[in-house]
Amino acid sequence: MICKCEKKVTKAVVTGKRFEIGFQILNRWLFLSQNGKTLIPFFHNNFIKNIAIYGMGVLGERLYDELKNSDIVVKYGIDRIAKSKNISGIKIYDIDEKYFHNIDVIVVTPVQDYWAIVELLEQRTEAVILSLDDIVEYCMG
């Protein structure tokens with residue numbers, strides 16, 4: 001039997017790893033921005049016009065902000081706690097809410113859970129599913 005203390009430590013380690021992964025993505029993304037680059041060329045180079053963003057936390061919001069004034073259309077967001085999300089200009093759907101269509105790609109922002117999310121999304125879409133981390137890495141060149 002695991003005591004409550006061990007559970008709290010385990011949860012803290014997992015949470016810390018999530019923050020570390022997100023920080024590393026944001027750090028590389030900020031480097032791109034400081035050098036006058038955006039993620040938009042990735043979408044252009046891969047003929048992607050319409051996307052959905054899975055995970056509307058900090059990374060999802062920043063991705064939306066970067067793309068909202070471009071020719072890349074963010075059709076909607078997807079989040080497991082959609083009802084608590086309020087982002088102006090974009091509808092947020094719960095993962096169980098619908099079949100996801102009218103998009104070329106779903107960009108997954110919680111990359112630490114990428115493969116589990118892919119499994120869920122593959123049942124609800126025919127769109128390509130990509131990791132934000134891979135997009136940032138591509139743009140780093």
Side-chain angles (χ1 to χ4, degrees), residues 2-141:
I2 298 175
C3 74
K4 288 183 181 180
C5 179
E6 288 175 3
K7 286 181 182 178
K8 287 180 182 178
V9 170
T10 301
K11 186 174 181 180
V13 169
V14 169
T15 300
K17 189 66 175 168
R18 288 177 184 273
F19 282 121
E20 180 183 343
I21 292 167
F23 172 79
Q24 292 300 326
I25 293 169
L26 280 173
N27 185 48
R28 288 181 289 135
W29 196 352
L30 179 59
F31 178 83
L32 287 169
S33 180
Q34 289 173 331
N35 287 282
K37 297 179 180 179
T38 71
L39 304 182
I40 295 169
F42 170 85
F43 297 98
H44 289 165
N45 293 345
N46 291 285
F47 308 101
I48 299 167
K49 292 276 187 197
N50 300 296
I51 74 161
I53 300 171
Y54 181 95
M56 295 307 299
V58 172
L59 291 173
E61 289 179 16
R62 294 299 70 77
L63 180 58
Y64 174 69
D65 287 341
E66 181 153 319
L67 299 176
K68 71 181 175 185
N69 294 318
S70 75
D71 62 339
I72 308 305
V73 179
V74 179
K75 294 278 194 169
Y76 45 84
I78 307 165
D79 199 285
R80 61 184 172 81
I81 48 175
K83 290 160 186 55
S84 67
K85 300 292 181 179
N86 185 15
I87 299 171
S88 64
I90 183 174
K91 172 73 175 147
I92 312 295
Y93 293 103
D94 184 273
I95 184 68
D96 295 321
E97 201 167 324
K98 64 181 275 182
Y99 180 82
F100 303 108
H101 54 81
N102 297 328
I103 50 173
D104 305 314
V105 165
I106 298 175
V107 178
V108 175
T109 64
V111 299
Q112 66 281 353
D113 297 322
Y114 178 75
W115 291 109
I117 293 166
V118 166
E119 277 188 39
L120 289 172
L121 290 173
E122 283 180 332
Q123 300 168 23
R124 293 173 175 83
T125 189
E126 293 179 10
V128 174
I129 303 166
L130 299 173
S131 161
L132 176 62
D133 190 39
D134 289 340
I135 295 169
V136 171
E137 191 63 33
Y138 173 93
C139 293
M140 293 289 293

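Below, all heavy atoms of this structure are taken into account, side chains as well, without hydrogens, waters or symmetry copies. Residue numbers start at 1 and run along the sequence shown.
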* In Å, rounded to the nearest 0.5 Å, how long is the span from CG of Leu67 to CD1 of Ile72? -> 7.0 Å
* To do: State the CD-CD1 distance between Glu126 and Ile106, to the nearest 0.5 angstrom.
  => 11.0 Å
* Asked: So, do Leu39 and Leu32 sit near enough that their side-chain heavy atoms are less than 4.5 Å apart?
  -> yes
* Taking the side chain as every heavy atom from C-beta outward, state whether Ile92 and Ile90 have any pair of such atoms under 4.5 Å apart. => yes
* **Verdict with reasoning, Leu121 to Ile95, per side chain to side chain contact (heavy atoms under 4.5 Å, CB included)** => CA-CA 8 Å; Leu121 290 173; Ile95 184 68; 3.3 Å; yes
* What are the two closest heavy atoms between Thr125 and Phe100, and how far apart are they? -> OG1-O, 2.9 Å
* Asked: Is there side-chain contact between Asn102 and Tyr76, with at least one heavy-atom pair below 4.5 Å?
  -> no
* Asked: Are the side chains of Val107 and Phe43 in touch, meaning some heavy atoms are under 4.5 Å apart?
  -> yes
* Derivation and outcome, side chain to side chain contact (heavy atoms under 4.5 Å, CB included), residues Phe42 and Leu130 -> CA-CA 12 Å; Phe42 170 85; Leu130 299 173; 3.7 Å; yes
* Just by distance, do the side chain of Asn27 and the backbone of Phe23 share a donor-acceptor pair under 3.5 Å? -> no
* **Between NZ on residue Lys37 and CE on residue Met140, distance to nearest 0.5 Å** => 8.0 Å
* Going by the salt bridge (Lys or Arg N to Asp or Glu O under 4.0 Å) test, which pairs reach into residues 113-122, not counting sequence neighbours? -> Arg18-Asp113
* **Qualifying residues under salt bridge (charged side-chain N to carboxylate O under 4.0 Å, His left out), relative to Asp133, sequence neighbours excluded** => Arg28
* Decide yes or no for Phe19 and Val58: does some side-chain heavy atom of the first lie under 4.5 Å from some side-chain heavy atom of the second? => no
* For Tyr138, look at atom OH and say whether over 12 heavy atoms of other residues, nucleotides or ligands are found less than 6.0 Å away. => yes
* Quick one: OG on Ser33 to CD on Glu66, what's the gap to the nearest 0.5 Å? -> 7.0 Å
* What's the shortest heavy-atom distance between Cys139 and Thr38, and which atoms? -> SG-O, 3.9 Å
* Test: Arg124 and Asp96 ion pair at under 4.0 Å -> yes
* Asked: What's the shortest heavy-atom distance between Trp29 and Arg62, and which atoms?
  -> CH2-C, 3.7 Å
* To do: Consider only side-chain N and O atoms of Asp79 and Tyr93, and report whether a donor and an acceptor are under 3.5 Å apart.
  => no
Can you give me every donor-acceptor pair (side chain of residues 48-55, partner residue at least two apart or in another chain, under 3.5 Å) with its distance?
none

* To do: Nearest 0.5 Å please: distance from the CD atom of Gln123 over to the OH atom of Tyr99.
  => 11.5 Å
* Asked: Under the side chain to side chain contact (heavy atoms under 4.5 Å, CB included) criterion, do Val108 and Ile129 qualify, and how do the steps go?
  -> CA-CA 7 Å; Val108 175; Ile129 303 166; 3.6 Å; yes
* Check Thr109 against Leu59 and note the closest heavy-atom contact, atom names and distance. => O-CD1, 3.6 Å
* Asked: CG of Asp71 to CD1 of Ile40: how many Å apart, nearest 0.5 Å?
  -> 7.0 Å
* Nearest atoms (heavy-atom pairs only) where Ile78 meets Asp94 -> CG2-C, 4.4 Å
